[in-house]
Protein chains: 2
Amino acid sequence: MSSGQPLKPLPRDQDRDREPTLTIAQVAERTGLSHDTLRYYEKAGLIERVGRTTGNQRRYQAADLAWLEFLLRLRETGMSIADMQRFAALRTAGNITVADRLAMLREHRAELADRIRALRRNATVLDHKIDHYEQLLLDEVEHEQPGSDETT
Amino acid sequence: MSSGQPLKPLPRDQDRDREPTLTIAQVAERTGLSHDTLRYYEKAGLIERVGRTTGNQRRYQAADLAWLEFLLRLRETGMSIADMQRFAALRTAGNITVADRLAMLREHRAELADRIRALRRNATVLDHKIDHYEQLLLDEVEHEQPGSDETT
DNA sequence: CCTTGACCTGGAGCGCGCTCCAGGTTTTAC
DNA sequence: GTAAAACCTGGAGCGCGCTCCAGGTCAAGG
């Protein structure tokens with residue numbers, strides 16, 4: 001979608017392709033994942049084998065990063081590694097799996113809605129308990145010194 | 001739930017058979033926890049030592065159950081066992097720890113609010129992805145048969 | 001009484017999601 | 001060219017939160 005004009009300050013050496021690439025350290029910093037986790041995800045099949053230099057070092061491309069960030073959304077919404085593996089496998093299998101992937105996402109989305117609702121219910125229980133403790137503290141103060149100086 | 005200290009109809013003697021008690025199996029069923037988990041929680045200090053029969057079998061009282069259910073709210077909102085241990089220890093230590101317990105709950109509540117917000121943000125990302133896949137499916141159908149019969 | 005099933009204890013084991021290590025190779029900075 | 005930093009692989013290890021097991025004791029029905 002663009003030209004191949006050598007007008008940019010290219011990073012040296014191994015980057016002969018048009019697209020800029022990132023080392024594992026750079027991806028780690030950007031995603032918040034550790035080097036080990038990135039390698040683990042690749043070994044586990046969550047991400048397809050990342051491109052390498054001639055010296056076998058990983059060079060991530062923009063698409064890898066985008067996929068990683070989506071994986072992180074799945075992870076943060078509580079999807080297990082096993083399910084992410086399934087999803088990734090479908091993705092690797094190509095367009096014929098779009099319906100399956102959609103089904104997975106819809107189900108996950110529904111579970112997420114349930115979990116958010118449950119958390120909100122539990123939050124109100126916490127709020128009640130907090131109110132209760134606040135009242136206890138007030139009562140204590142009253143009993144000790146009904147209307148005197150206090151240090152917050 | 002407020003102001004309830006001196007008016008309890010205490011069974012002053014150690015004869016508490018008046019109060020109904022529950023076996024571990026009954027508590028397991030009511031809470032959804034397994035027998036093993038209940039024993040584990042007790043061993044870990046999340047709940048104080050439960051009363052026993054002369055034959056050393058646990059008999060839970062209403063207060064035990066209420067505390068367990070509150071623990072479950074903490075657990076479901078993501079509090080670690082270690083933090084629940086801290087909270088339980090404060091509770092065991094008595095009223096002087098009310099301020100500390102309040103502080104813990106407030107912090108936990110704030111983290112919970114953060115997590116709910118994050119989940120909602122992620123939910124919208126999922127929604128976009130779902131929309132995207134739906135569009136892909138539509139496009140596929142169009143390309144195959146631009147306006148013809150389809151079997152659902 | 002006896003049987004059966006619920007319960008007890010201490011401790012080992014497990015599944016998950018990483019995290020660390022050893023020992024080696026590659027890249028970078030000077 | 002050389003030293004240091006970054007990276008590689010396979011595999012072991014870890015922390016969490018249970019879960020299971022062995023080997024018993026206890027309780028309720030017939």
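The chains referred to below are lettered A, B, ... by the order of the sequence lines, with proteins before strands, and numbering in each begins at 1. Computed from heavy atoms alone, side chains included, the values below leave out hydrogens, waters and symmetry copies.
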Sorted by chain and number, sequence neighbours left out, side chain to side chain contact (heavy atoms under 4.5 Å, CB included) with A:Thr37 holds for A:Leu33, A:Ser34, A:Tyr41
**Q.** A:Arg106 and B:Glu134: CA distance, side-chain angles, deciding distance, salt bridge (charged side-chain N to carboxylate O under 4.0 Å, His left out) verdict
**A.** CA-CA 11 Å; A:Arg106 278 180 175 153; B:Glu134 283 170 346; 2.6 Å; yes
| field | Residues B:His108, B:Thr77; criterion side chain to side chain contact (heavy atoms under 4.5 Å, CB included); working and verdict | value | CA-CA 9 Å; B:His108 184 61; B:Thr77 49; 2.7 Å; yes
Within residues 44-60 of chain B, those residues having any heavy atom closer than 4.0 Å to DNA chain C are B:Arg52, B:Asn56, B:Gln57, B:Arg58
Please set out all donor-acceptor pairs under 3.5 angstrom arising from side-chain atoms of residues 62-72 of chain B, sequence neighbours excluded.
unit_1	atom_1	unit_2	atom_2	d
B:Asp64	OD2	B:Gln61	N	2.9
B:Trp67	NE1	B:Leu46	O	2.7

Those residues at least two apart in sequence (or on a different chain) that pass salt bridge (charged side-chain N to carboxylate O under 4.0 Å, His left out) with B:Asp114 are B:Arg117
Side chain to side chain contact (heavy atoms under 4.5 Å, CB included) filter on B:His35, not counting sequence neighbours, yields B:Ile24, B:Ala25, B:Ala28, B:Arg39
So the side-chain hydrogen bond (donor to acceptor under 3.5 Å, both in side chains) pairs with at least one residue in residues 88-100 of chain A (sequence neighbours excluded) are A:Thr97-A:Arg101
So, with a heavy-atom separation below 4.0 Å from DNA chain C, the residues of residues 31-40 of chain A are A:Ser34, A:Asp36, A:Thr37, A:Tyr40
Residues at least two apart in sequence or cross-chain that pass salt bridge (charged side-chain N to carboxylate O under 4.0 Å, His left out) with B:Arg73, listed by chain then number, are B:Glu76
Numerically ordered, the residues 77-84 of chain A set in heavy-atom contact under 4.0 Å with DNA chain C is A:Ser80, A:Ile81
Sequence neighbours excluded, the answer for salt bridge (charged side-chain N to carboxylate O under 4.0 Å, His left out) partners of A:Arg52 is A:Glu42
Q.
Regarding A:Gln135 and A:Asp131, do their side chains bring together a donor and an acceptor under 3.5 Å, going by distance alone?
A. no
Counted 5' to 3', the first and last nucleotides of DNA chain D within 4.0 Å (strictly under) of a heavy-atom of chain B are D:dG17 to D:dA27
Task: Expected output: side-chain B:Glu29 to main-chain B:Gln26 donor-acceptor under 3.5 Å - done: no
Residue set satisfying salt bridge (charged side-chain N to carboxylate O under 4.0 Å, His left out) with B:Arg86, at least two apart, ordered chain then number -> B:Asp83
